[in-house]
Amino acid sequence: MHKIYQHFQFRFNQSFRIFNFNPKVSLSVILVFGTLMIVKLPQTIFYPLLYFSMVLVFHINRKDIPFLKKTFISSWRLIIFLESAFIYMLFLMANINYKIEKFGLLTFVAIISLCFLQPKSKPFPTLQWNFISNDLFEWKSYMRKNTWMFILTYIVMIASAYYSASLILCGIFLLDYLSHVYENNENKEMLEVYFKKMNFKDKIYKNVIFFNALLSPTYILFLILNFNESLYLLYYIFFMNCYFLLILTRKYRLYHHHEKANYFSIAVFIEYFAYSITIIPALIMIRLNSKEAQQNISKYVGN
């Protein structure tokens with residue numbers, strides 16, 4: 001019990017250290033948490049779904065489970081449950097518009113199930129996606145590695161068009177998957193060949209077109225089912241595209257041929273999420289990122 005207490009004391013101190021050394025993250029966390037405190041959703045059931053989705057994103061991105069297994073040999077699942085339950089309860093209880101109901105409490109059962117999620121032992125068969133242009137190599141590579149997860153999330157994304165709240169909630173959840181599309185860096189030789197064939201603006205244009213082509217069934221279905229709430233769709237389009245462009249431009253702003261990845265983290269997710277929901281800061285950051293990315297690329301391929 002004493003070891004568990006020390007662990008949570010460490011987590012508490014760790015959180016404050018992150019905020020103290022990274023003011024951008026602190027501001028982003030405050031903005032996101034403040035938004036989630038006052039957001040009002042059409043139905044009470046959507047609050048537990050939103051906050052459970054956030055807990056699920058947190059759990060999927062955990063890198064410390066092997067450490068927990070070694071440190072807490074017989075109680076590591078309890079640690080995972082307590083941490084996930086605390087995050088869920090914090091957001092749920094902080095919202096000023098939410099009143100405790102059965103579904104919110106039953107969601108704790110779903111949180112228990114996270115403790116038993118294990119990595120798959122054998123890979124599933126994958127599709128090659130050869131019809132996708134090689135100019136979109138990040139998408140092709142990501143979809144080959146995550147074929148069935150991509151298909152599942154794509155179905156959920158289209159189904160989210162049924163209702164305005166589900167559209168926004170699902171969009172937030174899908175941002176995490178989108179973030180990892182551009183996480184890995186290509187090698188120096190590939191970068192040189194690629195950007196001698198096209199410039200950075202062309203890459204942005206082609207990727208934005210492809211991204212919105214993927215989302216177009218959701219756009220169309222939402223307009224058919226919820227035409228009177230088309231302003232939600234307009235905000236959704238701006239929000240998703242702002243986040244997408246932030247992730248894409250960040251990759252080449254940070255690119256270095258000695259690094260295999262640009263190390264996306266939950267802190268980056270929170271920061272870019274905060275920029276995207278306010279739109280104008282996102283547009284400013286996209287412009288700054290693009291300028292620095294073009295300067296960085298020119299070091300490898302010239303002007």
Side-chain angles (χ1 to χ4, degrees), residues 18-19 21-32 57 61 63 133-143 145-146 171-172 174-212 214-215 237-303:
I18 292 171
F19 293 152
F21 289 110
N22 199 331
K24 279 187 177 181
V25 174
S26 303
L27 179 61
S28 300
V29 169
I30 292 169
L31 287 172
V32 173
V57 169
N61 284 280
K63 302 291 191 295
S133 169
N134 288 331
D135 292 339
L136 303 165
F137 63 88
E138 291 103 338
W139 280 101
K140 182 180 283 190
S141 174
Y142 183 79
M143 289 160 72
K145 292 176 182 176
N146 304 276
I172 294 171
L174 291 174
L175 292 181
D176 180 65
Y177 292 97
L178 177 63
S179 304
H180 296 290
V181 173
Y182 297 99
E183 185 174 14
N184 294 321
N185 290 333
E186 60 267 36
N187 59 45
K188 181 181 177 182
E189 292 73 22
M190 185 175 177
L191 180 99
E192 290 174 353
V193 170
Y194 187 88
F195 283 107
K196 282 179 180 177
K197 185 174 66 172
M198 69 171 70
N199 59 39
F200 187 59
K201 289 182 179 179
D202 289 336
K203 180 178 179 65
I204 290 176
Y205 175 77
K206 289 186 176 184
N207 278 265
V208 167
I209 292 295
F210 181 75
F211 177 61
N212 283 279
L214 287 175
L215 290 178
I237 293 171
F238 273 103
F239 171 72
M240 296 296 285
N241 278 272
C242 282
Y243 189 88
F244 174 75
L245 287 170
L246 283 168
I247 292 298
L248 173 56
T249 54
R250 175 183 180 271
K251 173 185 175 178
Y252 289 101
R253 176 175 66 84
L254 299 177
Y255 178 87
H256 194 282
H257 62 281
H258 288 313
E259 298 288 345
K260 291 183 178 180
N262 52 67
Y263 303 110
F264 177 83
S265 66
I266 194 68
V268 177
F269 173 82
I270 294 171
E271 180 184 352
Y272 281 3
F273 174 79
Y275 288 147
S276 299
I277 60 175
T278 47
I279 296 178
I280 292 176
L283 296 176
I284 295 170
M285 283 300 300
I286 290 165
R287 182 167 182 172
L288 293 173
N289 278 359
S290 298
K291 186 177 180 181
E292 291 183 34
Q294 287 176 314
Q295 291 173 348
N296 195 25
I297 292 168
S298 66
K299 295 176 184 177
Y300 295 93
V301 297
N303 295 322

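These numbers were taken from a predicted model, which means no experiment stands behind them. Scope of the values below: all heavy atoms of this structure, side chains included, with no hydrogens, waters or symmetry mates.
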Q) Do Ile284 and Ile280 have side chains that get closer than 4.5 Å, going by heavy atoms? A) yes
Q.
Evaluate Lys206 against Lys201 for side-chain contact (heavy atoms from CB on, under 4.5 Å), listing each step before the verdict.
A. CA-CA 9 Å; Lys206 289 186 176 184; Lys201 289 182 179 179; over 6 Å; no
Q.
Taking the side chain as everything from C-beta on, heavy atoms only, tell me whether Ile297 gets closer than 4.5 Å to Val301.
A. yes
**Q.** Backbone of Glu138 reached by a side-chain donor or acceptor of Ser141 within 3.5 Å
**A.** no
Q: Check whether any side-chain heavy atom of Leu214 sits under 4.5 Å from a side-chain heavy atom of Trp139, and report yes or no.
A: yes
Q.
Donor-acceptor check, side chain of Ser133 to backbone of Asp135, threshold 3.5 angstrom: yes or no?
A. yes
Q: May I ask you to decide if the ring planes of Phe269 and Phe273 are parallel, tilted or perpendicular, using 30° and 60° as cut-offs?
A: parallel
Q: Compare every heavy atom of Ile204 with every heavy atom of Ser290, then report the nearest pair and how far apart it is.
A: OG-CD1, 4.3 Å
Q: Kindly write out the residues that satisfy ring pair (Phe, Tyr, Trp, His ring centres under 6.0 Å) with Tyr142, not counting sequence neighbours, or none if the list is empty.
A: none
(Q) What's the separation between atom NE2 in His257 and atom CG in Leu191, rounded to the nearest 0.5 Å? (A) 10.5 Å
Q: Before giving the answer on side-chain contact (heavy atoms from CB on, under 4.5 Å), spell out for Asn207 and Leu136 the whole-Å C-alpha distance, their side-chain angles and the decisive distance to 0.1 Å.
A: CA-CA 7 Å; Asn207 278 265; Leu136 303 165; 3.7 Å; yes
Q) Passes side-chain hydrogen bond (donor to acceptor under 3.5 Å, both in side chains), Tyr243 versus Ser179? Steps please. A) CA-CA 9 Å; Tyr243 189 88; Ser179 304; 2.6 Å; yes
Q.
Let's go through Lys203 and Leu248 carefully: what are the C-alpha distance in whole Å and the side-chain angles of both, what is the deciding distance for side-chain contact (heavy atoms from CB on, under 4.5 Å) to 0.1 Å, and is it a yes or a no?
A. CA-CA 10 Å; Lys203 180 178 179 65; Leu248 173 56; 4.1 Å; yes
Q. Is the Phe244-Tyr182 ring centre distance short of 6.0 angstrom?
A. yes
Q: Could you tell me whether the side chain of Met240 reaches within less than 4.5 Å of the side chain of Leu175, counting heavy atoms only?
A: yes
Q.
For a ring-ring contact (aromatic ring centres under 6.0 Å, His included) check, start with the C-alpha distance between Tyr252 and Phe195, then their side-chain angles and the critical distance, and finish with the verdict.
A. CA-CA 12 Å; Tyr252 289 101; Phe195 283 107; 5.3 Å; yes
Q. Say you draw a straight line from CG of Asn199 to OG of Ser298; how long is it, rounded to the nearest 0.5 Å?
A. 12.5 Å
Q. Is Lys197 paired with Asp202 through a side-chain N to carboxylate O contact shorter than 4.0 Å?
A. no
(Q) Between Asn289 and Arg253, is there a side-chain donor-acceptor contact under 3.5 Å, judged purely by atom types and distance? (A) yes
Q) Is the side chain of Arg250 donor-acceptor paired with the backbone N or O of Asn262 at a distance under 3.5 Å, no angle test? A) yes
Q | Residues His180 and Glu183: side-chain donor-acceptor under 3.5 angstrom | A | yes
(Q) Assess, by modelled atom type and distance only, whether the side chains of Lys260 and Asn184 contain a donor and an acceptor separated by less than 3.5 Å. (A) no
Q) Is there a donor-acceptor pair under 3.5 Å between the side chain of Asn241 and the backbone N or O of Ile237? A) yes
Q: Determine, step by step, whether His258 and Lys188 satisfy the side-chain contact (heavy atoms from CB on, under 4.5 Å) criterion, reporting the C-alpha distance in whole Å, the side-chain angles of both residues, the deciding distance to 0.1 Å, and the verdict.
A: CA-CA 9 Å; His258 288 313; Lys188 181 181 177 182; over 6 Å; no
Q: State, yes or no, whether a side-chain contact exists between Phe200 and Thr249 at a heavy-atom distance under 4.5 Å.
A: yes
Q) Do the non-hydrogen side-chain atoms of Lys140 and Asn134 ever get within less than 4.5 Å of each other? A) yes
Q | Minimum heavy-atom distance Leu283-Cys242, with the two atoms named | A | CD2-SG, 4.2 Å
Q: Determine whether Leu245 and Val208 make a side-chain contact, defined as any pair of heavy atoms from C-beta on separated by less than 4.5 Å.
A: yes
Q: Answer whether the closest heavy-atom distance between the side chains of His256 and Tyr300 falls below 4.5 Å.
A: yes
**Q.** Any side-chain donor near an acceptor of the partner, Tyr255 and Glu259, under 3.5 Å
**A.** no
Q. Rounded to the nearest 0.5 Å, what separation is found between the CG atom of Leu246 and the CE atom of Met285?
A. 6.5 Å
Q.
According to ring pair (Phe, Tyr, Trp, His ring centres under 6.0 Å), who are the partners of Phe137, at least two apart in sequence or on a separate chain?
A. Tyr194
